[in-house]
Amino acid sequence: MEEKNPFRNRGQFQAEKPSAETVGLVDRVPVHDEYLVGQQTAQTAPLPEELPSAFETATAHARTESRKNVTQTFWSLVRHQYKKNRVAVYALYLVYFLFAIAILADVLANDKPLYANYKGTTYFPVFKQYLADLRISAWSSDLVMADWKELEQSGAVTNAIWPPIRYSESDEDLANTLAAPSSAHLLGTDGIGRDVLAGMIHASRIALSIGFVSMSFAILIGVVLGALAGFYGGWVDSLISRLIEVVLTLPTFFLIIAVVAMVQQGSVWLIMVLIGLTSWPGIARFTRGEFLRIRNMEFVTAASALGLKNSRIIMRHVLPNSLAPVLITAAFGIAGAILIEAGLSFLGFGVPPTVVTWGSVLNDARNDIHAWWLAVFPGFAIFLAVVAYNLVGDGLRDALDPRLRD
Amino acid sequence: MNVRAPFCGSYATFLALFMRQYIPSIFCLSFLSCVLFAGCSGSERPISTDNRVIEWELSDADALNPYNATSANALDVYEQIFQRLLTIDVHTMQYTVPILATSMPVESPDHLQYDFTLRKDIKWADGTPFTGADVIFSLKALKNPFNTMSAQNRIVVDAIHSAELIDGDPYRVRFTLWKPYFLVMQATFGDGLYILPKHIFDPTGLTDKYSWNDLAALIEASGDQPADSATLAAHKNPAMIEFATWFTDAARNRDPKYIQGTGPYKLESWVTGQYTRLVRNPYYVNHWGPDFAANPDTMLYKTINDFNAAATALKSHDVDLIGFIQPQYWVDIDTNHSGLKRTAFPLGQFSYIGFNEKSPIFRDPGVRWAMAYMVDRKTIIDKLLFGMARLTESPVWSAHPEYNGDLPIIPYDPARAAHILDSLDWKDHDGDGIRDKVIDGKRIPFRFTFTVNAGNETRKKELLIIAEALRKIGIDASVNTLEWSVYLERLRDHLLEAHLGGWINNPFESDEYQLYHSSQAKNRGSNYDNYHNPRADSLMVAIRLEFDPQKRIVMEKELQKIFYDDQTSLFLWEPLNTAAWLDRFDNVSWNGYRPGYDAATWKIRGANGGGMKATF
């Protein structure tokens, strides 16, 4: 059973081959990416060819296994395991889908057309706006504050191709405030006539970036502190472990509310940083645990026997082998961060009023109780995103667990 | 060790584990609870006949000592506890009802002396008779400059020099003024100068140890304005300081032992964040007619610090009366079936957007005019206030004779606004979609922030509508919310670039000095936007010294025209006060004197006499 543990095999392989030293963290990052983004990259190619020699040190059973699957890497094994969990696979598709919406938000919902012909000139207003925002291009004086819908109605603009939703997130249709879902507004409008669907599409950017940015913060802090604690042990470990315990006792949500209340101009970035600063202890604990386990393995001993510096052992030998639990925690953490942000926006803290988030639409529902569409759709979006990330985390955990492997 | 360690780090993990196995049960449970809650809210509850009124308050009073309290919630409560020398007749809105005096005062021709004769049949809530000594004590207590809590309330007695017994008669009091003040009858005797019991608030006679001249010395030293801290430090009067310390102590602001007056009720208990409870004053006798009756045994002020929750509490009969319910809940009330009633009436408020004239953008009145053309007030009133407001172009209450109704209402006209901005060279010179202009050698983009108090969703939405309209003509306006006390602090420091606010006008003739005189732009005064116009300044001073009402009206109208031409503030509308109550009262009446009602005069239908205690 132990011998089947890919961690061990990988570890021994690295320790025995001096060339493993060159297979550093930089090389291995694309392997992670390959799993996450689904792209095969050139750097991953040398590894499989070297695998058989690694398996030679393992049992005979493992040897036969490795011959059957010559191209197997650790992550391809994980992917294989992950795919067995159908729910988790669909959840991953859902995450991809949310990302697609977030990236394409401006193309999906905008008050400018994608393509238009104005006075004989062809424009791509949505894309031109990007260039104008980047100061690469500028609008001519007659178009800079133009209302494209009016221009089309007056006949000045022809052949316009519009995004599926003809409203931006801040665009107000004051004639139709609190309108129920209809063909004009697929998911209805809020109290000041903003299209709920347009708002939710643009808000998906905030929801997803909150999750990723805050978890990046948390991983950065958690991995560094956890690695130091686990690798060095002793008083460093005691100190960091106590720090972890202290931060774990903080009531995260109320701490964030208190800080946000003190800061006079709230922003999405502040929320991201605050969530990151309070959610690292879990990651630090797992990293520390993994480090404690791995630092006593033979390949680490071998590496120190070869006279490598501690920093090199940590970065190139121990850290890459201890990232799996961090990944799982991060997937759950993203879901948690999305929930925290939705909760803050619902309570009216955090993001400025001009920014639409799923939680702020929910908050509007609180003021206009009949407007069920203000509660149901963003509520469902939050539910979907949180469940998707949780299921992905769940699937990852199962896929990474050697004991569940058949 | 392996990776399947328990995931204690995140509750989301727990949620996921939980959900995977129990999704069907979650759905069943939520469905069940929906049905249950729907059942609860739909059920008809019998209407209580308890002889008590439960009024809703958004937050606790800051204090119940009328000199130390500044919040409107406090006013609702202490109005039932303390009385004044005279008060307003809510039917005529004139200050013509003597309360603690037998008649209106005798005024000297130079408007510098006012002689009151006091009632001999009034007793404090502990049975001690009321005398002129209490009146003199009250004025001395309020004028004590070492009491920083009462600075705001002290303004109404700034014009008064002293109060003395006439020929030693304990029931005749003479007030002497420094200089004439045309609102002394309304603002001072009829409004701010509540009479407090001397034997309770000053048992050791500390106020006897400082004289009117001691007080005058402090005021003279700093001229017309209230004394500043340096002057106070130089005049160490031990008795005055000792009294101020004693008077501002928490006990004097909220202890039932101290909070008792000559009014119909006395404080029984105050549980912070929950309720304030008043019971009848056993020594109160109504000499003044039905407008001063005390029908309920108990007046209970329940604190629910959320508008939405308050509306729900009313619907579930947990409160009897909401003096101000937000329009979106007000329009929601089904008066046919819910056992609720509602009304809307003017109460002298006005809303405005202030643009700080220290800001280089808003220094120019032309820009403020362009802003005025950019606010679609009709749509906002329709959509957000549900029609519960009236357009205005003036800070004066439109019900008053001095209101200038000749000022044309400024329409929503983005083209006109854009034209004005273009003519002032506020154009988009750099093609980034935002107007800009070179001011004092620097290119300034037209970018600013509106600030509003957090929690007021209606105001926030109003600003979002305006900001979106501005965005379309190339002005980048963002909206920021600040917690109420922080918002007030920033306003008083004159630091907000643009803000949406409101004022409640007094029921008496308007005096714009507090809001728009240039002297009030300093020292944390109420001229929040640093408005400054020498002509307006001199008019505001002249109005305060003019005793001919007709001449004052002419001057007041001219002043409003100046405000209009300058667009001093972007005056928006006068909102109606929307109120709702549980239909268990007779004799319900509403008036224009804040808070717009006196629930003590209402009669509880079916109440079986007095003596019945509310069970709360």
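Lettering follows sequence order; numbering is per chain, from 1.
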Is [X] in contact with chain B via its backbone, its side chain, both, or neither, using a 4.5 Å heavy-atom distance?
X	answer
A/P281	neither
A/A146	neither
A/S168	side chain
A/D368	side chain

- Item | Spacing of B/D432 atom CG and A/S137 atom OG [to the nearest 0.5 Å] | 12.0 Å
- Message: Quick check for you: to the nearest 0.5 Å, what is the distance between A/R194 atom CZ and B/I465 atom CD1?
- Response: 9.0 Å
- Apply the side chain to side chain contact (heavy atoms under 4.5 Å, CB included) test between A/L174 and each candidate in B/T379, B/I380, B/D382; give the one that qualifies. B/T379
Nearest heavy-atom neighbours spanning [X] and [Y]:
X	Y	value
A/D171	B/E468	CA-OE2, 3.5 Å
B/R471	A/D111	NH2-OD2, 3.5 Å
A/R135	B/D430	NH1-OD2, 4.2 Å
B/V479	A/P352	O-CB, 4.1 Å
A/D364	B/K461	OD1-CE, 4.3 Å
A/R366	B/N308	O-ND2, 2.7 Å

- Message: Report which part of B/L384 has an atom under 4.5 Å of a heavy atom belonging to chain A: side chain, backbone, both, or neither.
- Response: side chain
